[in-house]
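Chain A is the first sequence line, chain B the second, and so forth, proteins listed ahead of strands; every chain is numbered from 1.
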Number of protein chains: 2
Amino acid sequence: MAKTSQAAGLHRASLAKLHELDTALELMYYGWRGMTLEADAYLAKQGLSRPHHRILYVVARRPDIAIGALIEILGISKQALNRPLNLLLERKLLTSKRAPEQHRSKLLRLTEAGRRIERRASDHERQVLREAFARVGASGAAGWIGVMEAIADNN
Amino acid sequence: MAKTSQAAGLHRASLAKLHELDTALELMYYGWRGMTLEADAYLAKQGLSRPHHRILYVVARRPDIAIGALIEILGISKQALNRPLNLLLERKLLTSKRAPEQHRSKLLRLTEAGRRIERRASDHERQVLREAFARVGASGAAGWIGVMEAIADNN
DNA sequence: ATCTCAAGTCAACATAGTTGACATGAGGCG
DNA sequence: CGCCTCATGTCAACTATGTTGACTTGAGAT
């Protein structure tokens, strides 16, 4: 875990701008950090981190997901999934059980405790977004979504 | 270096939405990835990665920066800076020299080759932004900037 | 000469990922 | 029944990026 205090990133506005879009580029960096900072601090207090949150986030939105599907969605190897997943199972933040028919796969679900931690961590992120949207109003929010969709679809 | 091919992240739009702002939350994730994907691929081809780019980016905008100041801006320890920085010096992407008076600090500058790589990597990121802004027009772009500033100032 | 301070270096560790190899256990099928 | 497939689980070795702590070096200041 990085030190959660003090600027662990580019110190904003201290750099000369070489190109017109440098400001936007830095805003993306700070935006990502700004959204995740409090959530990461909360997760660290729980002894968890970003990969655990990603697992909890996906399982919350796809109850009874199999491990193979989870691996595919997260885009990591099963070996990389193994450690954080086992920690979450040990902590009883999620459960795994065999499917009724399809005994080959294990189905994952959040426990009540897991749901609570997922919700609180994601709430920190959503709260940052909520405040930002409130500050700029509906048209600004629509613009933000339009730009982000254009960027996301760039893949 | 992660495999640069195939979805190394949440597979977009495949998850149920538990909260209204889940879409925005995921857009931030994909937006960050979308902006950095091609730049990271370019850097990987040069045998470099994100930390090297961050160093190049800052030095480009603060020529003659001392190592201590660079550490502060990057928000990492001098030991963590050491390896990527030495690689960049070995590759002659940047130079370090003692100050005329202040002999205590070393001053960093990009070489022509360093400037070129910094510019190309950052160009990939700016290009993604440029296209997204073009697609939504000036008012959308203004909205995006407003939201991102609100989020960035959340720190 | 000694003190301070920026920089450099070494060791040990944590986290998050990778490949490769192999084990286990359930279902499908001849 | 025996064998094959397939999802899962696990072990080992490695890379990259970061952390602390301890120590050295070299230049300037007193």
Could you list, one pair per line, each protein nitrogen or oxygen that sits under 3.5 Å from a nitrogen or oxygen of nucleotides 21-23 of chain D, together with the distance?
| from | atom 1 | to | atom 2 | distance (Å) |
| --- | --- | --- | --- | --- |
| D/dG21 | O6 | B/Q79 | NE2 | 2.7 |

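For the pair A/L88 CG and C/dT15 P, the computed distance is 14 Å after rounding to whole Å. Rounded to a whole Å, the CG atom of B/L81 is 17 Å from the P atom of D/dA16. Distance CZ (A/R83) to P (C/dT15): 9 Å, rounded to an integer number of Å. At whole-Å resolution of the value, CG in B/L85 and P in D/dT17 are 14 Å apart. When the P atom of D/dG26 is taken as reference, atom NZ of B/K97 falls 22 Å away, rounded to whole Å. The nearest whole Å value for the distance from the CG atom in B/N86 to the P atom in D/dT17 is 14 Å. Atom CD1 of A/I67 and atom P of D/dA7 are 12 Å apart (whole Å). If you take CG of B/N82 and P of C/dA12, they are 17 Å apart, rounded to a whole angstrom.
Taking side-chain N and O atoms only, A/S49 has no distance below 4.0 Å to OP1 or OP2 of C/dT15. Applying the 4.0 Å criterion to OP1 and OP2 of D/dG18, one finds that B/S77 has every side-chain N and O outside that range.
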Please set out all donor-acceptor pairs under 3.5 angstrom arising from side-chain atoms of residues 73-80 of chain B, sequence neighbours excluded.
| from | atom 1 | to | atom 2 | distance (Å) |
| --- | --- | --- | --- | --- |
| B/S77 | OG | B/A80 | N | 3.2 |

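Looking at A/L107, A/L108, A/V59 one by one, the single match for side-chain contact (heavy atoms from CB on, under 4.5 Å) with A/D64 turns out to be A/L107.
Ionic pairing of B/R115 and B/E118 is not present here: no N-O contact between side-chain nitrogen and carboxylate oxygen is shorter than 4.0 angstrom. The pair A/D123-A/R120 does not meet the salt-bridge criterion, since no charged nitrogen lies less than 4.0 angstrom from a carboxylate oxygen. Checked for salt-bridge contact, B/E125 and B/R54 miss the test: no charged N lies under 4.0 Å from a carboxylate O.
With sequence neighbours left out, the ring-ring contact (aromatic ring centres under 6.0 Å, His included) criterion links A/H124 to A/Y42.
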